[in-house]
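First the structure, in the form of structure tokens, and then the observations on it.
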Amino acid sequence: MACLKLGSRADVFRKQGQDWYCTTGLPSDITVTVGEQSFHVHKFPLLSKSGLLERCIREKIEKGDDSCVIDLPDIPGGAKAFELAAKFCYGVKFEMTASNVVHLRCAAEYLEMTEEIAEGNLIVQTENFLTQTVLRSWKDSIKALHTCDDILDLAEKLQIVKRCIDSIATKSCTDPDLFGWPVVQYGGPMQSPGGSVLWNGISTGARPRHSNPDWWYDDVSCLSLPLYKKVISAMEYRGINQDIIVGSLNHYAKRRLPGLNRRKSISDVSSCLSMSSLTSISSEEEQKYLLEEIDRLLPFQRGVTSCKLLFGLLRTAIILKASPSCVSNLERRIGMQLDKATVEDLLIPNISESVETLYDVDCIHRILDHFLAMEQETGGASPGLGEDAQMLASPSLMPITMVAKLIDGYQAEVAPDVNLKLPKFRSLAAAIPNYARPIDDGLYRAIDIYLKAHPYLSESEKEELCRVMDCQKLSLEACTHAAQNERLPLRVIVQYCTTGLPSDITVTVGEQSFHVHKFPLLSKSGLLERCIREKIEKGDDSCVIDLPDIPGGAKAFELAAKFCYGVKFEMTASNVVHLRCAAEYLEMTEEIAEGNLIVQTENFLTQTVLRSWKDSIKALHTCDDILDLAEKLQIVKRCIDSIATKSCTDPDLFGWPVVQYGGPMQSPGGSVLWNGISTGARPRHSNPDWWYDDVSCLSLPLYKKVISAMEYRGINQDIIVGSLNHYAKRRLPGLNRRKSISDVSSCLSMSSLTSISSEEEQKYLLEEIDRLLPFQRGVTSCKLLFGLLRTAIILKASPSCVSNLERRIGMQLDKATVEDLLIPNISESVETLYDVDCIHRILDHFLAMEQETGGASPGLGEDAQMLASPSLMPITMVAKLIDGYQAEVAPDVNLKLPKFRSLAAAIPNYARPIDDGLYRAIDIYLKAHPYLSESEKEELCRVMDCQKLSLEACTHAAQNERLPLRVIVQVLFFEQLQLRSSIAQCLMVSENLEGGSRQLIPTISGEQYRPGWPLASRENQALREGMDNMKQRVADLEKECSTMRDEIERLGRSRSTGKDRFSLNMKPQICSTKEAIPTIATASEEEMAVGNLPASRLTFTKGDLKKVREEVAKYKVVAPARVGLVAPVDVVVPPGNTALDPSQTTFFQVLDIPTKINKGTMEIIRPVELIKKGDKVGSSESALLAKLGIRPFSYGLVITNVYDSGSVFSPEVLDLTEDDLMEKFASGVSMVASVSLAISYPTIAAAPHMFLNGYKNLLAVAVETEYSYPHADKIKENLKDPSKFAVAAPDAADSGAAAPAAAKEEEPEEESDGDLGMSLFD
């Protein structure tokens, strides 16, 4: 980077805090304030260069103001720019670079530092540097333009922006290889990693690269959007290729819009990381504005912009909720070149608030419409032509054929979505013209996948979907598959009566027509009779009757018509309600014909359906679409009464076949008999929740009626709440976040009836469930309430609903867990990871309830609270809960201190018997927020009571560097008090038992008795007695050890030690001054594997400790890998022959071990890491190692500590030798000598070096001057005749060989002087 050095004087400016002082020796006579910084300077240097400051001083003198304080709040570049301008005025040295010249130029303009004030002023200097240096360099032009952001208006006024942009645009349009610009590939923007390439004889610190058209993308992408737009406009004005412009826009967008980097390559990721210092992730609004601007800058031409970029911009625009015009514009651009897209590009996720489908099918439909409209405009689609003519005449057949294939592939991808409705799927397939598909195999595949994912479609719906497909265009393979496809409709059902007589009346129900006869229908239906009579009276011979609003639609009329004809059909609980309402609509009463349909359906309802639990549920479930008429006919009321009565009774009393089906209303088959009849069900015990699954299939209005009827009959509130919980989990997907496996299976079985509702329906359902829940403490579980609250926040339910749920939780907060409290924050302004404010409100509700019930009495002291509070246990549990919650949310860097502190302070002091949990939360918060000041840390720590910390917490806090010093001192003080109190209590037990007869209160004449003195005296006395007792106990232990040593020595001579439980053959150990006496206790392998060994493991010796350790380490025993053991080492199965027969292949495959069969036996191909150190051994691993005969583990004794001469140390110390100690000592002496020489401080270690260096200096002076002495004469003589050095060299070699080894460690300068063939003492 080019620079210009100005000034010649040394720097006389120094900074103290926010003040700058000029240390010229003269007191300052003027103060200039720039923002928060003040410059104490002198008038003459500044006034001689700046017209603005001169005018300000003159105005102050005229007004009689002697303050001499000038405020420059809006100087361009701020304090940094003024500092450089002041240095220029003083003539102080500083560097003008491309990074500060723009600010300095604008500051000089602001301060009026023109040539009229002084010759060679700052304006001229900056202008010359800009013109002659900065604008001639590509890199410096970029840097200068980048610094214009914060002073853009003034920089534009001074033409700096325009000149920089012209320089950049001119250079970007030129091949840099023509004139040797050092175009470089930096490790990061504006930064060279260093290199050895030379340019004009100067090292550029860069690696050259080929002059590709995109060489300038990285550099320009660091600019802000306004400046970048100006640069792009300048390049377009100079006629740069549109493809290069689009490439730059693509590069800029990927750097600024994180959503575009979803499928980024590794090189792009590295480049993006290198740009992180300049292009930090913008806010959502900034990204939205950037995206819309990039959309305006993109050229509106087909093929210039890649489809991948356009789809990336569209996907990002949908996520950021950009303006509709922007989204529509991007869709139109994509539609212009849809034939160049891929199926992967089309898979745009649906992120609308009412999440209906997995992918945004509507967006793709709009893009397809734009493509077809463009085809229509260009003559690509001519509806008036036949298919053959289209095949020959359409000039754009190839693009539209490719689009048809693309859409078929896209539909095959989205077809498995269960929420994709039939009309939307069918309309997208039908949008493609018929001539665009030369073969329909792709469309058939998509339809087949859709039918497989939507098994509940009716035959008519399947036929409607299949009409889009032309069966004549299917290939032979597709036809063969379709002929065996059970999901396709076998034929189109046209409902004609095949009685042999021509029909004389047509009844239309919706889109279906029934060609029937008058007599059978008119003999049963009063409505049809009346309609025919009216038509005859009017003279209408059409005999067509329209029944658009018949209950149950065409299916119900079909059954009613079969009843009129006497055709066999089955009346079931699933169709009886529709049939009853259709009969009522058709007026099929007893007055028209005896035993008519109304009577038949009523008898079946009363005598069969309402007596069965399962049939009552089915019948009530079918009332949804005809609810008004079903309520008018009392069907709903009768079904609900039947259900409520049965749910309040134990089904075991009268033998109902209460079943547990694989799915609702469906039996998987079974062999259980009930009254001799196979029920196709498995019996279960009559738990109170046996009816939850069946009732949960009902719609919300019907379910509310059922629950009201059950409450009226006095069913237990706990059972009602359980049913509401079950119903909510089935209908609200948000409640199933932590669902168990059994619940998931049950939910999957319900998928055919309870599809996911829209967001508004879920919100309404949640608010209704909240109203149905009983408002009593303990009836509703906390987990359910928290699940409802979390779902309410996600669905943005009404504030009253959210507040009601928070109040319910607050009533029983002591029953919650920390996991329940972790409610994510999903507000639009996402500040914290979890919703801390919500938990604070819940805690306030709990404390308010405690206050109302007398649980918290602020007027009482802590001890009184501990004794008098009836709700001590709940509030203590809540305090522990909140402490745990704060520890979980503390790592969130966005969690502000006031919010964290207020939540901790909300808990009353008496609620925490110990503050360890709060201390842990505070410690985690301080670790995650290292930028807090000392005052803020102290403010946070005031919430914690240091007297309530345990000994372990005090020990940790005393070593915690994150805590403020004051808190650490308090912790140490209270820790000392606890230790003294504990020691005093332990050592004064006997004294307390005896009654404490001695009086320890001192009598001090002339002073009043103080209460603290007795306690201090007792503690001191107790400590002294404790020390005496400890000394006596140590002496007793030493005697006992001596006695044990003698006894063991005596026993060792007479017999040897046997084998222990590990079969360790221990040699007899004789207790002598040179041998060790191990006292080895036994333990099981399991104990040794997990480190659960007895505490006493002692070995006494007077011999060599290192030899004793080696002797103990010899005794180890191998052991197999048993199930449940913790592996002390990694276990690797080596390759090779296992001697196992090939029948064991499955066993090796389960463990994922590669094998092959070699000569009739299994052979392992490569090494396999079977068990890692620290993992538990499983049954499969243990069995494999046993089969292979591998015993991987070995156990023995490990020496952990060594006690010698009153010191305890690690056994690694025994490995140290005398050579190691001497090496350490020599290294220390060398370091002492080095430090002494560096600071010129004489020490014994540095004295020889100092003498030698002094002699060197003396010799150097003698050589350079006429001064001389005998040894110097010899050196001078050798210098005059260099041939004498050859004679001196052997002598130097001999003397060097006789020198001590330590001389080799001298510094290189000292060794080089040894070549002169003499020493210091020659």
Side-chain angles (χ1 to χ4, degrees), residues 354 456 549 551-553 556 573-582 584-585 605 609-610 613-648 664-665 691-713 715 717 719-735 747 750-774 780 784 788 791-792 795 797-798 800-801 804-805:
S354 57
Y456 52 82
D549 51 354
S574 300
N575 61 24
V576 66
V577 176
H578 286 152
L579 203 53
R580 171 66 181 88
C581 294
E584 187 72 21
Y585 177 85
L605 269 171
V609 173
L610 297 180
W613 165 266
K614 182 175 64 176
D615 291 341
S616 299
I617 292 288
K618 285 187 177 182
L620 183 60
H621 185 267
T622 59
C623 293
D624 273 326
D625 50 348
I626 50 172
L627 190 58
D628 295 335
L629 185 56
E631 285 185 337
K632 180 180 178 182
L633 298 176
Q634 298 290 311
I635 299 175
V636 174
K637 182 178 182 302
R638 287 182 286 171
C639 289
I640 289 175
D641 288 342
S642 171
I643 293 169
T645 302
K646 292 176 174 60
S647 65
C648 299
M665 320 296 188
W691 50 273
Y692 288 179
D693 267 347
D694 298 330
V695 175
S696 63
C697 71
L698 301 175
S699 63
L700 182 59
L702 295 175
Y703 178 78
K704 286 169 60 179
K705 295 177 183 292
V706 171
I707 293 298
S708 299
M710 291 181 178
E711 288 180 338
Y712 180 76
R713 283 167 174 76
I715 198 169
Q717 289 290 337
I719 300 177
I720 295 293
V721 171
S723 175
L724 289 168
N725 183 12
H726 195 86
Y727 190 82
K729 286 183 177 180
R730 286 291 172 83
R731 303 291 176 131
L732 299 174
L735 288 180
C747 185
M750 281 293 291
S751 60
S752 59
L753 291 176
T754 56
S755 59
I756 297 176
S757 308
S758 66
E759 188 172 324
E760 288 299 322
E761 292 173 348
Q762 293 183 44
K763 188 188 303 183
Y764 174 72
L765 171 62
L766 189 141
E767 293 174 354
E768 289 297 322
I769 289 176
D770 173 49
R771 295 187 186 97
L772 291 173
L773 286 172
T780 309
L784 171 60
L788 292 174
T791 308
L795 296 176
S798 62
S800 61
C801 175
N804 200 18
L805 289 170

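FYI, the numbering just counts along the sequence from 1. These values consider heavy atoms only, across backbone and side chains, with no hydrogens, waters or symmetry-generated copies.
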Quiz item: So, for Pro551 and Ala556, which heavy atoms are closest and what is the spacing to 0.1 Å?
Solution: O-CB, 3.3 Å

Self-check item: Distance in Å, Lys705 NZ paired with Ile643 CD1, rounded so as to fall on 0.5 Å steps
Solution: 13.0 Å

Quiz item: What heavy-atom pair brings Cys697 and His621 nearest, and what distance separates the two atoms?
Solution: O-CD2, 3.0 Å

Quiz prompt | Inter-residue atom distance Leu784.CG - Lys729.NZ, 0.5 Å rounding | solution = 7.5 Å

Quiz item: So, Ser642 side chain and Leu610 main chain: donor-acceptor pair closer than 3.5 Å or not?
Solution: yes

Quiz prompt | Pairwise distance CG(Asp641) to NZ(Lys646) - rounded to 0.5 angstrom | solution = 10.0 Å

Exercise. Could you tell me whether the side chain of His578 reaches within less than 4.5 Å of the side chain of Asp625, counting heavy atoms only?
Key: yes

Quiz item: Could you give the distance from NZ (Lys704) to CD1 (Ile769), rounded to the nearest 0.5 Å?
Solution: 10.5 Å

Quiz prompt | Test side-chain contact (heavy atoms from CB on, under 4.5 Å) applied to Leu702 and Leu627, step by step | solution = CA-CA 9 Å; Leu702 295 175; Leu627 190 58; 3.7 Å; yes

Exercise. First locate atom CZ of Arg580, then atom CG of Leu633, and finally report the distance between them rounded to the nearest 0.5 Å.
Key: 4.5 Å

Quiz item: Taking the side chain as C-beta and beyond, is there a heavy-atom pair between Thr622 and Asn575 under 4.5 Å?
Solution: no

Quiz item: Do the side chains of Met710 and Trp691 get nearer than 4.5 Å, heavy atoms only?
Solution: yes

Practice problem: Starting from the C-alpha separation in whole Å, work towards a yes-or-no answer on side-chain contact (heavy atoms from CB on, under 4.5 Å) for Val576 and Asp615. | Solution: CA-CA 10 Å; Val576 66; Asp615 291 341; over 6 Å; no

Self-check item: Least distance between heavy atoms, Ile626 atom then Gly552 atom
Solution: CG2-N, 4.2 Å

Quiz prompt | Partners meeting salt bridge (Lys or Arg N to Asp or Glu O under 4.0 Å) with Glu767 (sequence neighbours left out) | solution = none

Quiz prompt | With sequence neighbours excluded, residues passing salt bridge (Lys or Arg N to Asp or Glu O under 4.0 Å) with Asp628 | solution = none

Self-check item: Audit row: Tyr703, Leu724, side-chain contact (heavy atoms from CB on, under 4.5 Å) steps and yes/no
Solution: CA-CA 10 Å; Tyr703 178 78; Leu724 289 168; 3.7 Å; yes

Quiz prompt | Spacing of Ser574 atom OG and Leu579 atom CG [to the nearest 0.5 Å] | solution = 12.5 Å

Exercise. Could you tell me whether a side-chain N or O of Ser616 sits under 3.5 Å from a main-chain N or O of Val609, the two making a donor and an acceptor?
Key: yes

Self-check item: Residue among Leu700, Val695, Ile707 satisfying side chain to side chain contact (heavy atoms under 4.5 Å, CB included) with Tyr727
Solution: Leu700

Quiz item: Does a side-chain heavy-atom distance below 4.5 Å link Leu788 with Asp770?
Solution: no

Practice problem: Could you pull out the closest heavy-atom pair between Leu795 and Gln762, with the gap in Å? | Solution: CD1-CB, 3.6 Å

